[in-house]
Amino acid sequence: MLRYALRRIAVTVPTLLVIITLSFALERLAPGGPFDQEQTLTPAVRANLDRLYGLDRPFLVQYGRYLEALAHGDFGPSLSQRDFSVGELIRQGLPLSVTIGLAAVLLAILAGVPAGILAALARGRAGDHALTALAGLGIALPTFVTGPALALVFGLYLHWLPVAGWERGAPRYLVLPVVTLAIPVAAYLARLTRASLLEVLRTHYVLSARARGLGAARVLWHHALKPALLPVVSYLGPAMAFIVTGSLVIETVFALPGSGRYLVQGAIDRDYPLVLGMVIVYAAFTLTLNLAADLLYGWLDPGARHE
Amino acid sequence: MSERRGGALWGAALRRLRANRPACLALALLLGVALLALLAPLASPWAYDSLDWRHLAQPPALGAAHWFGTDRLGRDLFVRTLHGVRLSLLISVLASVLSVGIGLAWGTIAGFAGGRLDEWMMRFVDVLYSLPYLFLVIVLNTLVGRGSIAVLLLGVAAVGWLTTARIVRGQTLQLKRREFIEAARATGLPTRAILLRHIVPNLAGTVAVYATLTVPQMILFESFLSFLGLGVQEPHASLGNLINAGAQEMESAPWMLLVPAVFLVLLLVCLNLLGDGLRDALDPRES
Amino acid sequence: MRSIPVSPEAGGGGAVLELERLAVTFATAGGEVSAATDVTLAVAGGECLGVVGESGAGKSQTFLAALGLLAANGRVRGSARFQGGELLGLAPAALDRVRGARIGVVFQDPLTSLTPHLTVGAQLTEVLRHHLQLTAAAARRRALTLLERVQLSDAQRRLGQYPHELSGGMRQRVMIAIAIACGPALLIADEPTTALDVTVQAQILRLLAELKRERAMAMVLITHDLGAVAGIADRVAVMRAGRLIETGPVASVLGAPREPYTRELLRSVAPVSAPASAPVAAAPVALALEEVSVAYPLRGGWLRRAATLRALSGVTLELAAGEALGVVGESGGGKSTLARAVLALLPLAAGRVVWLGRSLGTLTPRELRAARAGLQMVFQDPLGSLDPRMTVEEIVGEPLAVHRPGLEPAARRAAIATMLERVELGTSLLGRYPHELSGGQCQRVGIARAMILEPRLLVCDEPLSALDGPTQRQILALLAGLRRESALTLLFVSHNLALVRQLCERVLVLYLGRMMELGGTEQLYREPRHPYTQELIAAVPVADPAIQPARLARARPGEPPSPLAPPSGCVYRTRCPYAVARCAEQVPAWETVAEGGAGIACHRWRELSGA
C-alpha cells in the first residue's frame with residue numbers, strides 16, 4: 001500500500017509541474033497584453049509598465065522568476081486590480097470557495113450513493129423507476145439553470161432562503177449554492193452506484209456468499225458494497241473538476257465573494273498573473289483530491305495496488 | 001454486400017430503439033425543435049436584434065405581438081431563443097463531430113499501439129480529465145480574445161474528445177485481444193487493413209452512441225461559457241447568455257429566464273434520452 | 001424458533017436430500033423458459049451422486065433452485081426436502097441457517113467465486129463465526145486446521161492473502177475449506193474442476209473423495225466430465241434438456257447405459273488408440289525449430305522492477321511433411337506461445353523457425369505476409385475468432401481477398417461454397433453472422449477460413465476445448481479427414497491428452513516453456529519415460545468406475561511454480577517425486593532416446609525406467 005501511495009504521488013507532482021509550465025507558456029506566448037485595452041497609453045508609458053512588471057525580459061527568465069516566487073508562495077501582483085497581489089486576492093476568496101466545494105461533494109456523496117443503493121435493491125419497482133428518472137433529470141439540468149430556478153422558487157416565491165449574498169458565512173446563505181452544486185454530482189453518483197451494485201449482485205462471488213448462508217444484509221455490506229463502490233470512487237476525481245467548474249457559476253448566480261469569479265474576470269481582463277495563479281491553485285486542489293480518490297481506490301481494491 | 005451486412009446488425013438495433021418509447025418521443029421532439037429553429041426566424045417579422053420600442057419587457061401572452069414576450073430592449077424572446085437554439089445546435093454538432101473524430105483517432109491509435117505510446121497518450125488524457133475543463137477555454141480566451149465562434153468551437157471540441165478517446169481506447173484494447181484480430185494477422189492482413197477492416201467497423205456502434213451523448217455535453221458547455229460571458233457575445237443570442245440575462249431580471253421578468261431555460265432543458269433531456277436509448281439498443285445486455 | 005426437524009437417522013443411511021418433481025422456469029421477454037422439469041432424485045448420507053449432462057441441461061439450476069439461489073426471474077415448483085424438512089418456500093432467515101452450515105456449496109470458477117477484496121482468512125473465519133458463533137481466535141485456529149486439511153501449502157501465510165494471489169487450484173481448495181467449514185451433511189459441488197488443469201483436476205477430485213469418506217457426507221457432483229463421475233460417484237443421474245433421463249449405480253450406468261444419449265456421452269470420452277497411419281517414412285522435413293526461445297518483457301514503472309517472463313526456452317524439433325505433432329502440458333507451459341512462434345505471430349528472443357528451408361525471421365514483412373498463405377491457424381475460441389460484423393461468406397473469403405485479389409467474383413464464390421462443403425456446412429449459412437451459429441459451426445467456419453488457401457501447415461491452438469464432448473469428436477474427425485485429403489502438416493496444441501492421442505503420430509510435452517519429452521504417441525502413452533509425462537497421463541480421466549477411483553487416489557498435490565521465477569536446474573524438480581540434489585544444480589540436457597526425434601530431458605530417466 002505504501003509503494004502504491006508513493007507511486008501515485010510520484011505521478012501527481014510532475015503533472016502539476018507540467019500544468020504550471022504549460023499554462024505559463026500559453027499565457028505568455030499569447031498575443032495581446034494586459035494593457036492593450038488602455039488605448040491612451042503612449043509607447044513610452046507602456047514600455048515603463050512592461051518593465052515594471054518584468055514583461056520585457058526573455059521568456060525563460062520570466063519563467064524562472066515565476067517558479068522561484070511560487071516556491072515562496074508569491075504569485076506576483078495582479079495587473080487588473082493594481083492595489084492587490086494575486087496571493088491576496090486568492091487568500092480572500094479561496095476559503096469560501098473551498099467550503100462550498102467540499103460541502104457540495106459531501107452532500108452529493110451522502111445523498112447520491114444511498115439513493116443508488118436503494119434503487120438497485122428495489123430494482124424494477126416504482127421507487128427504482130422514480131429515482132432513475134429523477135437522476136436522469138438531475139444530470140441533464142445545468143447548474144446555471146437549477147441555480148436561478150431554485151433561487152426563484154425558494155427565495156423569491158417562498159421566501160425560505162436568501163437569494164444572494166453571503167453575510168460573513170451565515171449558513172443559510174450557503175444552502176442554495178451548495179445544493180445547486182451538489183445536484184448533478186449526486187444524480188450521477190446515484191446512477192453510477194445503482195448500475196455498479198446491480199453488476200456486482202450478479203457476480204459469482206455474491207452468489208457464493210449467499211450460498212454460505214451469511215444473510216442478505218451481511219452479503220450486501222461485507223461482500224458486495226466495497227467492489228460496487230470502486231467505479232464511484234474513480235468518478236470522484238472528475239467530480240472534483242466538475243465541482244470546481246460549477247463553483248464559478250454558483251459564485252456568479254448567488255453573488256458570492258469566492259475566488260472563482262477572479263478566474264473569469266481575469267480571463268476577460270487578460271490579467272496573466274491572476275489567471276495563472278488561479279489555474280495553479282485550482283489544479284493543485286483538484287490534483288490533491290484526485291490523489292485522495294486514487295488512494296481510497298487502492299485501499300478498496302487490493303488488486304489495483306499490484307496492477 | 002457491405003450494405004446488407006451493416007443492415008442486419010443495425011436493423012436489430014433499430015427495432016430495439018423503436019421499442020424504446022421515451023427515446024422515440026425524444027427524437028420526435030428534437031426534430032420538431034430543430035425544424036422550428038430553422039424555419040421560425042424566417043416566418044417571424046422580428047429579427048434576433050430588432051428592437052420594438054412599443055413593447056419593452058412584455059410578458060408572454062397568446063395572441064400578443066410577441067408570443068414569448070420581449071426583453072428590456074424590446075427584442076422578441078421567441079426569435080432570440082430560437083436563434084440561440086440554432087447557434088447552440090450548430091456549434092455543438094460541429095464540435096461533436098470534431099471531438100468524436102479526434103477521440104476516435106486518439107483512442108484507436110493508443111489502444112492499438114499499446115506500450116509506452118499508449119501510456120503517454122492516456123496519461124495526457126488523464127491530466128486533462130482531472131483538470132476543470134474550463135481552464136483550457138479560459139487560456140484559449142486569453143490567447144485569442146473573447147467572442148470568436150471559432151475559438152469557442154475549438155475550446156469546446158478540445159474538451160469533448162477526452163471521454164470518446166478513453167472509451168474508444170478501452171474498446172480497441174478489448175478488440176485487440178480478441179482472437180479474430182489475431183486470425184486476421186495470421187491470414188496475412190497488413191496492419192492498416194486490420195485497423196480499417198476489423199477494428200474500426202467494430203467500434204462503429206460505440207462511436208455512434210458517444211457522438212449522440214457528446215452533443216448535449218457540447219450544448220451544455222457552450223451555453224455555460226456564454227453564461228459566464230466567455231462565449232457568444234451580444235447582440236447574438238445563445239441559450240447561455242439569454243439565461244444569464246434572464247437570471248439578472250428574474251425578480252421583475254421571470255419569463256426572460258424561464259423561456260430559454262425550458263428550451264435548453266428540453267434539448268438536453270431529449271438528447272440524453274436518445275443517446276441512452278441508442279446505447280441500450282446497440283448493447284442489449286446493458287439494460 | 002422455526003427450524004428443520006433433524007431425524008436421528010438422517011446422515012446415516014436415509015436420504016439427506018430428496019427432490020420431488022422439481023421444476024425450474026425463468027420468466028423472459030420471450031415468455032416462460034423451462035430450465036428443469038419433473039426432476040425426482042435422492043442422495044443418501046455418505047453417498048456421492050454424480051449429475052451429468054452437457055452445458056445447458058439444467059443440472060446447476062436444479063440445485064440452485066433447491067437452495068433458493070435462483071436469479072430474480074426464476075421460479076421453482078415441486079419439493080426439495082433436506083433431512084426431512086422442506087427447503088422450498090422457507091423463510092430467508094431459516095434458509096440461511098441451512099446454507100453454508102448444513103449444506104456446503106463449491107462453485108465452478110474459483111477465481112470469480114471468492115470475494116476479491118477479502119482475504120482467504122476473512123472469508124473462512126466469517127462463515128465459522130457466523131454459523132458456529134466461534135470467537136475470533138477460535139475461528140482462526142479452526143480456519144488454519146481446515147486449510148491444512150484441504151492440503152493448501154503454507155496455510156498460515158495463505159490466511160492473510162487475497163484470492164488473486166493464489167493459483168486456480170489453491171483457490172478451489174479454499175472454496176472447499178469454506179464449504180466444509182461447519183461440518184455440513186451435504187456438499188454440492190457444481191463443476192468444481194472444469195476451469196482447472198488436468199493434473200489439478202485429479203488432485204481436487206481426490207480431495208473431495210477423501211472428504212466424503214472421512215466425514216460420511218452426502219455429496220452431489222455436478223459435472224459434464226464422466227471421468228470425474230467414474231472416479232468418485234456411487235450413483236449417476238444423467239440430465240438432458242432439463243429432464244432426468246437415466247439414474248442408477250455408477251457401474252451400471254457407465255458400464256451398460258440404457259439410454260442412447262448416455263451412450264453418446266460415453267463415446268465422446270472413450271479412449272481410442274492412435275491413428276493407424278505411421279509417420280511417412282523418408283518424408284522431407286517441412287518445419288524445423290532451432291533453439292527457439294520467446295520472452296515477454298514485463299515493463300517496470302514507477303518504483304517497480306522490470307522482469308522477463310521466459311515463455312519458451314530452447315525448443316528444437318523437426319516436423320516431416322504430412323506429419324501431425326501434438327503439444328501437451330499444463331496451462332502456462334508455453335503451448336500457445338509455441339503455436340504463435342511457429343507462425344511468426346510473435347517475436348523470438350532467440351533461435352530460428354525454418355519453414356521449407358527458409359527462416360521466417362529473415363523475411364521482410366511483405367514476404368512474410370505472402371508466406372502466410374501456406375501457414376494457417378485455427379483458434380481456441382470458436383466465436384471470438386470470427387469478426388462479429390462479417391458474414392460467413394466474408395470471413396471464409398477474406399484470405400482469398402488478401403492473397404488472390406485477382407480472383408473473379410464467381411470463382412471466389414465457388415471456392416467458398418466448395419470449402420464450406422468440405423467442412424460439412426451448408427451454403428445456406430453463407431449470409432449468417434457468427435452469433436447466429438453454434439459453437440461447432442463457428443469452429444467449422446474457422447477451419448474453412450484456415451483451409452481455403454490450401455495451406456501446407458495448419459496450427460491448431462486448443463481448437464476443441466470450448467466445445468461439448470460430441471462436438472469435439474465431430475471436429476476431430478473433420479480435422480483427421482482434411483489431413484488425409486490434403487497431406488497437411490499439423491501442429492495440434494491441446495491440454496486434453498485423450499484428444500491428442502486420436503489425431504497425432506508424435507507428442508511433445510512442455511513444462512514451464514521447456515521440452516520435457518518428445519516421442520511417438522503410442523510409446524509415450526504406454527510407457528512414459530519422463531516423470532512429468534507420467535503425471536500427466538495418470539491424470540487423464542477415464543470413464544471407468546472400476547479403475548478411476550484408484551487412479552485418482554494416486555494424484556499428487558502440486559502446481560507449476562511461477563514462470564517468472566522458475567526453479568533452478570530441472571524446472572520440474574519441485575513437483576518430481578524422484579528429484580535428487582543433482583536436479584536442482586544442473587539443467588538436464590536433451591537426450592535423443594530413439595530414432596525419429598524421440599527424446600527426453602531428465603537426469604534420472606535411465607535408472608527410473610530400469611527400476
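So that the names make sense, note that chain A is the first sequence line, chain B the second, and so on, each numbered from 1.
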With a 3.5 Å cut-off and sequence neighbours excluded, list the donor-acceptor pairs that the side chains of residues 219-227 of chain A form with protein atoms.
unit_1	atom_1	unit_2	atom_2	d
A:H223	ND1	C:T115	OG1	2.6
A:H223	NE2	C:E126	OE1	2.7
A:H223	NE2	C:E126	OE2	3.2

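- Annotation for A:S208 and C:S113: closest pair OG-O, 3.1 Å, computed over non-hydrogen atoms.
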For a quick test of your reading: what N or O donor-acceptor pairs under 3.5 Å do the side chains of residues 174-192 of chain C make, sequence neighbours left out?
unit_1	atom_1	unit_2	atom_2	d
C:D190	OD1	C:S60	OG	3.0
C:D190	OD2	C:S60	OG	3.0
C:E191	OE1	C:T194	OG1	2.6
C:E191	OE1	C:H224	ND1	3.0
C:E191	OE2	C:H224	N	3.4

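- Remark: C:R140 CZ is loosely packed, at most 12 non-hydrogen atoms of other residues, nucleotides or ligands lying under 6.0 Å away.
- Around atom CD of C:E32, more than 12 heavy atoms belonging to other residues, nucleotides or ligands sit under 6.0 Å away.
- Residue A:H204 comes nearest to C:T112 through the heavy atom pair CB-O, 3.3 Å, listed as atom of the first residue, atom of the second, then distance.
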A:R212 and C:H130: side-chain contact (heavy atoms from CB on, under 4.5 Å), yes or no, with the steps? CA-CA 10 Å; A:R212 290 175 217 162; C:H130 185 81; over 6 Å; no

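- Both the backbone and the side chain of C:L114 come within contact range of chain A, each with at least one heavy atom under 4.5 Å from a heavy atom of that chain.
- At most 12 heavy atoms of other shown residues, nucleotides or ligands fall within 6.0 angstrom of atom OH in A:Y188.
- For the residue pair A:L214 and C:D96, the shortest heavy atom distance occurs at N-OD1, 4.4 Å.
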